[in-house]
Amino acid sequence: MGNKVTIIGSGSVGSTIAYTMAVQGTASEIVMIDINVEKSLGEALDIRQGTPFCPPCSIYAGSYEDAKDSNIVILTSGLARKPGQSRLDLAQANVNITGQIIPQITKFAPNAIYLIVANPVDILTYQFYKTAGLPDGHVIGSGTILDTARLRARLSEYFSISQQNVHAYVFGEHGDSSFVPWSLANVSNIPIDEYRACLSEKDRKILPPLVHEEVETYIRKSGGKIIQRKGATFYAVAVSVCHICKCIFSGMDTTMTVSAMMRGEYGIDDVCLSTLSIVGRNGIHGKISAPLEEDEIVKLQKSAAALKDVISNLKF
């Protein structure tokens with residue numbers, strides 16, 4: 001059985017996702033769709049000409065009709081963030097764009113799993129849930145998977161340890177109200193705030209204490225810094241999105257911080273944000289109610305309230 005992916009939007013994020021998928025061999029067929037047809041044609045051709053040195057893959061530019069029988073549809077289209085602009089500033093404009101796309105794509109790919117990447121991702125994921133008429137588990141927002149990757153990369157740098165030994169998450173909105181539930185964070189099963197004390201005296205002396213707030217600020221500001229320096233972020237988000245797709249195609253259930261509809265977990269309802277979800281061949285099919293401390297639950301509820309406040313002022 002082939003793994004067919006349709007990517008809507010051939011800008012920096014969409015085209016980098018397509019390129020990463022082709023190099024990794026994530027999909028056997030990739031369709032690129034963009035309102036700028038020439039752009040999608042050029043991106044598909046450029047990637048396709050490198051595929052002789054990659055796992056076999058058919059990649060081409062197409063229309064919504066070409067999305068038929070897609071296993072996964074990835075939405076990256078929308079206006080990009082500008083320097084100094086928050087993700088939520090984009091809300092109504094990108095809601096309008098997504099509203100035009102939903103009926104066109106779901107007509108041809110009604111059984112696909114939809115992976116929402118465009119920003120503000122939690123708002124657009126909520127819009128998909130409410131208006132597309134898809135099964136719950138078939139709508140996934142990339143959520144804080146990128147923030148979580150940034151967190152693990154930063155902690156691995158700090159402790160000079162492999163990223164694979166670092167287990168920590170970012171919960172909440174993919175944005176300013178996100179937070180790290182430090183009670184869940186560990187390095188090789190050692191609680192993160194106890195790890196330094198477990199090092200040899202020599203290593204301990206050269207490692208300053210971990211300051212939680214500094215790490216969280218770094219994660220929240222990373223996207224803005226990258227946009228300021230190079231105009232856009234696309235490498236890390238592309239690798240993160242491809243990780244989600246690989247987990248779906250593998251059929252092996254994997255826990256990850258993706259944005260999904262909350263239905264009473266942690267006292268939160270009717271909003272999409274990121275906690276730990278179980279993702280497998282049929283999309284999201286469960287959540288893990290990780291044991292958070294009281295102040296962490298309060299932070300999660302505040303994040304939900306911030307998103308609900310924005311949603312209340314939008315027209316879907």
Side-chain angles (χ1 to χ4, degrees), residues 4-22 27 29-49 57-83 85 87-134 138-142 174 223 227 230-235 237-238 241-242 244-245 314-316:
K4 181 175 180 179
V5 176
T6 292
I7 302 171
I8 303 176
S10 298
S12 296
V13 172
S15 56
T16 308
I17 291 171
Y19 170 77
T20 307
M21 278 192 169
E29 184 176 355
I30 302 170
V31 184
M32 301 183 71
I33 300 174
D34 197 285
I35 193 168
N36 182 344
V37 177
E38 286 296 304
K39 179 79 161 79
S40 57
L41 284 166
E43 295 289 359
L45 179 60
D46 194 11
I47 297 168
R48 187 164 68 244
Q49 290 177 342
C57 176
S58 168
I59 178 166
Y60 55 93
S63 63
Y64 289 113
E65 195 169 351
D66 293 306
K68 184 182 178 185
D69 297 326
S70 291
N71 302 101
I72 299 173
V73 173
I74 302 172
L75 180 78
T76 72
S77 55
L79 301 177
R81 277 173 72 197
K82 297 173 183 174
Q85 188 179 38
R87 293 179 182 87
L88 295 182
D89 290 338
L90 294 169
Q92 189 63 64
N94 282 352
V95 160
N96 293 344
I97 291 169
T98 304
Q100 295 173 356
I101 292 170
I102 287 173
Q104 298 183 79
I105 186 64
T106 54
K107 175 183 176 182
F108 294 107
N111 300 316
I113 293 168
Y114 282 77
L115 180 48
I116 318 305
V117 181
N119 277 314
V121 65
D122 301 293
I123 304 291
L124 300 183
T125 303
Y126 181 85
Q127 179 186 11
F128 250 85
Y129 266 101
K130 290 294 185 179
T131 65
L134 298 167
H138 281 210
V139 181
I140 305 173
S142 57
H174 176 49
I227 291 168
K230 57 174 275 191
T233 67
F234 41 88
Y235 293 129
V237 68
V241 169
C242 288
I244 297 172
C245 293
L314 294 174
K315 294 180 180 178
F316 290 130

Okay, side chain of [X], backbone of [Y]: is any donor-acceptor separation there less than 3.5 Å?
{"X": "Asp69", "Y": "Lys4", "value": "no"}
{"X": "Tyr114", "Y": "Leu75", "value": "no"}
{"X": "Thr76", "Y": "Ile8", "value": "yes"}
{"X": "Asp34", "Y": "Val37", "value": "no"}
{"X": "His138", "Y": "Ala112", "value": "yes"}
{"X": "Gln127", "Y": "Val95", "value": "yes"}

Residues Ile33, Ser40; criterion side chain to side chain contact (heavy atoms under 4.5 Å, CB included); working and verdict: CA-CA 6 Å; Ile33 300 174; Ser40 57; over 6 Å; no
Working to the nearest 0.5 angstrom, can you tell me the gap between [X] [atom1] and [Y] [atom2]?
{"X": "Glu29", "Y": "Cys57", "atom1": "CD", "atom2": "SG", "value": "8.5 Å"}
{"X": "Ile74", "Y": "Ile113", "atom1": "CD1", "atom2": "CD1", "value": "11.0 Å"}
{"X": "Phe316", "Y": "Thr131", "atom1": "CZ", "atom2": "OG1", "value": "8.0 Å"}
{"X": "Thr106", "Y": "Ile101", "atom1": "OG1", "atom2": "CD1", "value": "11.0 Å"}
{"X": "Glu43", "Y": "Ile7", "atom1": "CD", "atom2": "CD1", "value": "10.5 Å"}
{"X": "Arg48", "Y": "Ser58", "atom1": "CZ", "atom2": "OG", "value": "8.0 Å"}

Nearest atoms (heavy-atom pairs only) where [X] meets [Y]:
{"X": "Ala67", "Y": "Ile105", "value": "CB-CD1, 3.5 Å"}
{"X": "Asn94", "Y": "Asn119", "value": "ND2-O, 2.6 Å"}
{"X": "Ser142", "Y": "Leu115", "value": "N-CD1, 4.1 Å"}
{"X": "Met32", "Y": "Ile59", "value": "SD-CD1, 4.0 Å"}
{"X": "Ile47", "Y": "Ala18", "value": "CD1-CB, 3.7 Å"}
{"X": "Ser63", "Y": "Asp66", "value": "N-OD2, 2.7 Å"}

Heavy atoms from other residues, nucleotides or ligands near [atom1] of [X] exceed 12 (cutoff 6.0 Å):
{"X": "Phe108", "atom1": "CZ", "value": "yes"}
{"X": "Leu45", "atom1": "CG", "value": "yes"}
{"X": "Lys230", "atom1": "NZ", "value": "yes"}

Heavy-atom check, side chain of Ile227 versus side chain of Thr233, under 4.5 Å: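 Yes, close enough: below the 4.5 Å cut-off.
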Val5 and Asn71: CA distance, side-chain angles, deciding distance, side chain to side chain contact (heavy atoms under 4.5 Å, CB included) verdict: CA-CA 6 Å; Val5 176; Asn71 302 101; 6.0 Å; no
Worked verdict on Val117 versus Val237 for side chain to side chain contact (heavy atoms under 4.5 Å, CB included): CA-CA 9 Å; Val117 181; Val237 68; 4.0 Å; yes
Quiz item: cation-pi between Lys68 and Tyr64, 6.0 Å / 45°: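 Here Lys68 fails the 6.0 Å and 45° test against Tyr64.
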Sequence neighbours excluded - side chain to side chain donor-acceptor pair (under 3.5 Å) pairs with any residue from residues 5-20: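 Matches after skipping sequence neighbours: Thr6-Ser70.
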Side-chain donor-acceptor contact under 3.5 Å, Gln100 with Asn96: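 Gln100 vs Asn96: no donor-acceptor pair found between side chains.
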Audit row: Tyr126, Asp122, side chain to side chain contact (heavy atoms under 4.5 Å, CB included) steps and yes/no: CA-CA 6 Å; Tyr126 181 85; Asp122 301 293; over 6 Å; no
